[in-house]
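Since the structure is predicted, the reported quantities are computational estimates derived from the model, not experimental observations. Each chain gets a letter, A, B and so on, in the order its sequence line appears, and its residues count up from 1.
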Amino acid sequence: MNKQKFFILDGSSLLYRAYYALPLLESGAGVYTNAIVGFSNMLVKLLNDWRPDYLAIAFDKGKHTFRTDMFAEYKGTRKPMPEELRSQVPMLHELAEAWGVPLLELEGYEADDIIGTLANKAVAQGMKAYVVTGDRDALQLVKPDLTVLFTKKGISDLAVYDEAAFQAEYEGLDPIQLIDLKGLMGDTSDNIPGVPKVGPKTAMKLIAAYGSVEQVLLHIEEISGKALKERLRENQQQAVLSKQLATIKLDVPVEFDRESFALGLDGEALNKFYGRYDIRSILRYVKKLASMYAGGTAGHSGAEGDEAARKLLEITLLQTEKEGRSLARKAAKCGSIYLVPVAEGKVPRRRLLAVAVALADAGGKRPELYYFSCNEDGCDDGGMDSLFAGMEMAEADQEPAAAVAKNPAWAAFAAALSNEKITKYLHGMKEFYLAGIEMSGRVVDLELTGYLLNPSASRYAVEDLAERYGSSNVIEKADGWQQAELAGWQCLVLADVAKAMTDKLAALGMTKLYEEIELPLVRVLADMELAGIRVNCRKLQQQTEQVAEKIAALAKEIHSLAGREFNISSPKQLGEVLFEDLKLPVIKKTKTGYSTDVEVLNELYNKHPIISKILDYRLWTKLKSTYLDGIAPLIDSRTCRVHTTFNQTVTATGRLSSSEPNLQNIPVRREEGRHIRELFEPGEGYDLLLSADYSQIELRVLADMSQDENFLRAFRQQEDVHARTAAEVFGVAIDEVNGELRRKAKAVNFGIVYGISDYGLAQDLHIPRAEAKDYIDKYFAKCQGVKSFIDKVVAEAKENGYVLTRYGRRRDLPAIRSSNFNQRSLAERMAMNTPIQGTAADIIKLAMIRADRALRNAGLKSRILLQVHDELVLEVTKDELAQVKVLLQEAMEKAAELSVPLTIDINTGENWAEAK
DNA sequence: AATGTCACG
DNA sequence: ACGTACGTGACATTC
């Protein structure tokens, strides 16, 4: 029989996390952040994911009485909530009462101590104990049957530390030895001194060798390093005291009151509490929760509501081959189908779990809904299934998900997908490609369509499209729906919005852009994501170690130069050190305090030796946290490849973006960072990485669009375009242009592309504004084609309210008519920049489609892995190299016929750094 | 969640 | 007079 589960929550640290982690909330009391809602969300999720039998919340004495001053403030301004609203904010003890969960606090003891004591008592009684906290210190409690759940991001996302997970992170260390580590290294945030100058590294070494603080102190004489020996000798008492401070007490006089901890929810009390404060985000789960825990026993019923909702939608669940075949026939008669994929996980583990299908007949009746899922009974697994659609489940021992492909009905329905006479309206074609599903005939991806119609929107989920393009015909989404109902409802929305959206796309002249660029690109992107790029894990580990040492050394130097220890990564603390302790001049301020960015630090460079160390520290910590530690967990352990996601509906200009990890911002400009590129290599079966990048594509687009004679001539005669610009602007011959003049001209060219302003140029070049203005005036006098082009673009944007790229991609710029100078100026710069950046983006997208097709047609193994705005990265084999080069040149240089030639540079190497 | 900082084109 | 260069994503901190 399974052991009963006792959960004890660290209310103090969780409320604190909830305060920072919470989205804007609207409730009866106005708009504010409210930790109570965050805390409630966490409770709901905890109950859903873990099904506790017993539950209690511990507090530092007196802390739970906080309500408004600390936990509910106006967002943004961070001002305390106005007095008159305070009485409308729920207090924590009310919440605990509504949930029937005891709040525990004890004079003279911290929440940690109560938690440790009770968790151990629960284990002694034969239960499994779980500690939920935002405080890493609790990890010292981990032991058999005692697991620590630690908040990662936000509050609902929990890292699970059982014994195995602890060992994976702290190899060879006993959880209780964490207090010995702290005794030696201290903890600034907890005011634990430790032994001066002893950091994590030294502490680890000592504890690994001797086991505890006491043993270390007994063996001081054996320890190597004169200075270290001295410091240990001098700070013996402090070390022992620090260890005591870090120790969670396990002998708190508190009873394990089994009965009061037993979880039994009273739906009415919860409804009353959340109803009183009008907190709807929680109200919708109350019914389900209450039925789960009705009368104090954890039950798994409560499906009645689902049945009702499902009936309302009349979704037919399909399971057999016969059912699938029959639907395919029906679809052929209809002529069009609506598809919504349901997927989870990350490539290469991403699985298409289910597909909802709608068939709309011409009669105008409500479409028929069907659902293909992966389970035996054709239904989603109700057991671990979420109360919510939007939140992820606990990651605890999840089986690899089954896929819809295993459903015989789906396999039979493939006949409809390959039937050219059936139009497929869907949302997210990439999901299908990632699952290996092909389609023939007309495919209308309404997610992409939504993006083309308004690339400035932040989201294109079906819900957003319903709001933007929907009629009132679609029934309202109901709370408590499961996946099948949600996906079915989304199909109804697609059927509702499809015509309006495709009509609008045609009216705006973007059908061709969709059919010839965006849609064919999806397939290329899916293949790139599936391929991934190989990372050399051994090198990654080496670099991580080397960089860690550099950082530790720099931190030591910085602390000693500052005369005290502080968190160098905290702009706030760094500001205090530089501008208060060291009294350096304040260069500029941010809205919250002193600015400490590169610009500022560079100005202070000669004023104090600490500055260069801080710049180095920033450089190396950036590399370590973002590119070494950040990428490591995203590497597939079986293949050593990372699989980024290329987002096709993010940027306002038409560019792609890359995330998890972002492989479009791997360092290259500086030598130190460039080493990161050495980690990226050709994978198994390939010999080289190849990089093909467009030369000056944006300026060539500018030349083409503006027809400016200087630019046309420069590119046609293969001159150095920045040198040519310098020659014109500064009135010298092109071979008289020195590095300095060229640098300035280059900055002006960039400025033109970004939407020039004298202020921006002055900042970039570190020159007075008047001088910058002078450059721009001269530039426009010489390059009149460019001048009249940007004037024309801005004038047209004002006239129409939007701008277009060469291929008809559109960006609305309503702010261009704003009376607010700032907003209007920004819109004007966008008007100048978007046609250029966007056209370049169109061209490389075309090039990707052409290159991919050419590689396939030639039957080559070499393939595209990455796109970095003006560059494609491929992995190639030695014997295909020559052919690939020729084919890429054709695909990329001929992707568009401009008034000037498009040229590419190709480089290859054994890693990405060499292929530059 | 918001902010500051910094990596890329 | 106003007071910013265009387009992205990731990380650490905030008390």
Side-chain angles (χ1 to χ4, degrees), chain A residues 13 16-25 33 38 70 73 75-78 153-155 189 455 567-575 590-601 615 618-619 621-627 629-631 634 644-645 647 650-670 673-674 676-677 693-694 697-698 747-748 750-765 769 772 776 811 819-826 828-838 840-841 844 867-871:
Chain A
S13 70
Y16 183 76
R17 296 294 295 249
Y19 169 64
Y20 279 108
L22 205 74
L24 258 185
L25 163 89
T33 65
M70 185 168 172
E73 294 178 353
K75 189 115 267 179
T77 60
R78 286 274 152 99
K153 276 176 185 162
I155 177 164
S189 69
N567 186 343
I568 309 162
S569 302
S570 160
K572 189 168 174 286
Q573 295 179 37
L574 180 62
T590 67
K591 68 176 85 168
T592 53
Y594 311 109
S595 170
T596 63
D597 65 16
V598 216
E599 289 289 299
V600 171
L601 295 181
L615 284 167
R618 284 249 176 98
L619 168 71
T621 52
K622 175 78 180 177
L623 293 180
K624 181 161 187 294
S625 68
T626 302
Y627 300 104
D629 299 344
I631 288 180
L634 298 172
T644 184
T645 301
N647 311 297
V650 166
T651 71
T653 54
R655 275 189 178 182
L656 299 176
S657 86
S658 154
S659 55
E660 278 188 290
N662 182 352
L663 295 183
Q664 289 181 322
N665 72 346
I666 303 300
V668 67
R669 293 175 189 168
R670 302 174 60 170
R674 206 141 53 217
I676 300 288
R677 295 203 167 205
D693 66 301
Y694 278 113
I697 186 165
E698 290 188 345
V748 180
F750 268 100
I752 296 292
V753 171
Y754 291 158
I756 194 95
S757 76
D758 50 6
Y759 185 89
L761 182 64
Q763 271 217 309
D764 190 48
L765 286 175
R769 240 174 88 177
I776 295 169
R811 181 181 186 181
S819 57
N820 178 313
F821 174 86
N822 271 334
Q823 291 178 16
R824 189 175 65 246
S825 304
L826 178 61
E828 285 169 0
R829 292 193 297 273
M830 291 171 171
M832 302 177 212
N833 170 262
T834 300
I836 301 170
Q837 189 183 114
I844 193 159
Q867 187 252 43
V868 195
H869 310 307
D870 65 356
E871 170 190 14

(request) Look at the side-chain N and O atoms of A/S569 and state whether any lies under 4.0 Å from the OP1 or OP2 oxygen of B/dT5. (result) no
(message) Could you tell me how far B/dT5 sits from C/dA5 if I compare only their P atoms? Round to whole Å.
(response) 13 Å
(message) According to salt bridge (charged side-chain N to carboxylate O under 4.0 Å, His left out), who are the partners of A/D758, at least two apart in sequence or on a separate chain?
(response) A/R769
(message) Using only modelled atom types and a 3.5 angstrom limit, is any donor from either the side chain of A/R669 or the base of B/dG9 paired with an acceptor on the other?
(response) yes
(request) Could you tell me the separation between the NE2 atom of A/H869 and the P atom of C/dC6, rounded to a whole number of Å? (result) 16 Å
(request) Verify the contact: side-chain N or O of A/R618 to OP1 or OP2 of B/dC6, cut-off strictly under 4.0 Å; return yes or no. (result) yes
(request) Could you say whether the aromatic ring of A/Y754 and the base of C/dC6 stack, counting only centre distances under 5.5 Å and plane angles under 30°? (result) yes
(message) I'd like to check A/T596 versus A/R618 (side-chain heavy atoms, cut-off strictly below 4.5 Å). Are they in contact?
(response) yes
(request) Determine the contact category for A/I666: base if any of its heavy atoms lies under 4.0 Å from a base atom, sugar-phosphate if only primed atoms, P, OP1 or OP2 are that close, otherwise nothing. (result) sugar-phosphate
(request) For A/L761, report the nucleic acid contact type (base, sugar-phosphate, nothing); a contact means any heavy atom under 4.0 Å. (result) base
(request) Would you indicate what A/S825 reaches in the nucleic acid, counting non-hydrogen atoms under 4.0 angstrom: base, sugar-phosphate, or nothing? (result) nothing
(message) Distance check needed: C/dC6 P versus A/Q837 CD, whole Å only.
(response) 11 Å
(message) Students often get this wrong, so: under 4.0 angstrom with heavy atoms, is A/G751 touching a base, only sugar-phosphate, or nothing?
(response) base
(message) Reading DNA chain C from 5' onward, which residue's closest nucleotide shows up sooner: A/L826 or A/N822?
(response) A/N822
(request) Using atom CG of A/D870 as one end and atom P of C/dG7 as the other, report the distance to the nearest whole Å. (result) 18 Å
(request) Assign A/A747 to base, sugar-phosphate, or nothing according to its heavy-atom contacts below 4.0 angstrom with the strands shown. (result) base
(message) Between P on C/dG7 and CE on A/M832, what's the gap in Å once rounded to a whole number?
(response) 12 Å
(message) Using a 4.0 Å cut-off on heavy atoms, which residues in residues 657-665 of chain A reach DNA chain B? List them by number, or say none.
(response) A/Q664, A/N665
(request) Dot-bracket for DNA chain C, please, read 5' to 3', with Watson-Crick or G-U wobble pairs under 3.5 Å on both distances, ( ) within the strand, [ ] crossing, | other strand, . unpaired. (result) .....|||||||||.
(request) State whether A/K572 places a side-chain N or O below 4.0 Å from either non-bridging phosphate oxygen (OP1 or OP2) of B/dG4. (result) no
(request) Would you indicate what A/Q573 reaches in the nucleic acid, counting non-hydrogen atoms under 4.0 angstrom: base, sugar-phosphate, or nothing? (result) sugar-phosphate
(request) For nucleotides C/dA1 and B/dC6, find the distance between their C1' atoms and express it as a whole number of Å. (result) 33 Å
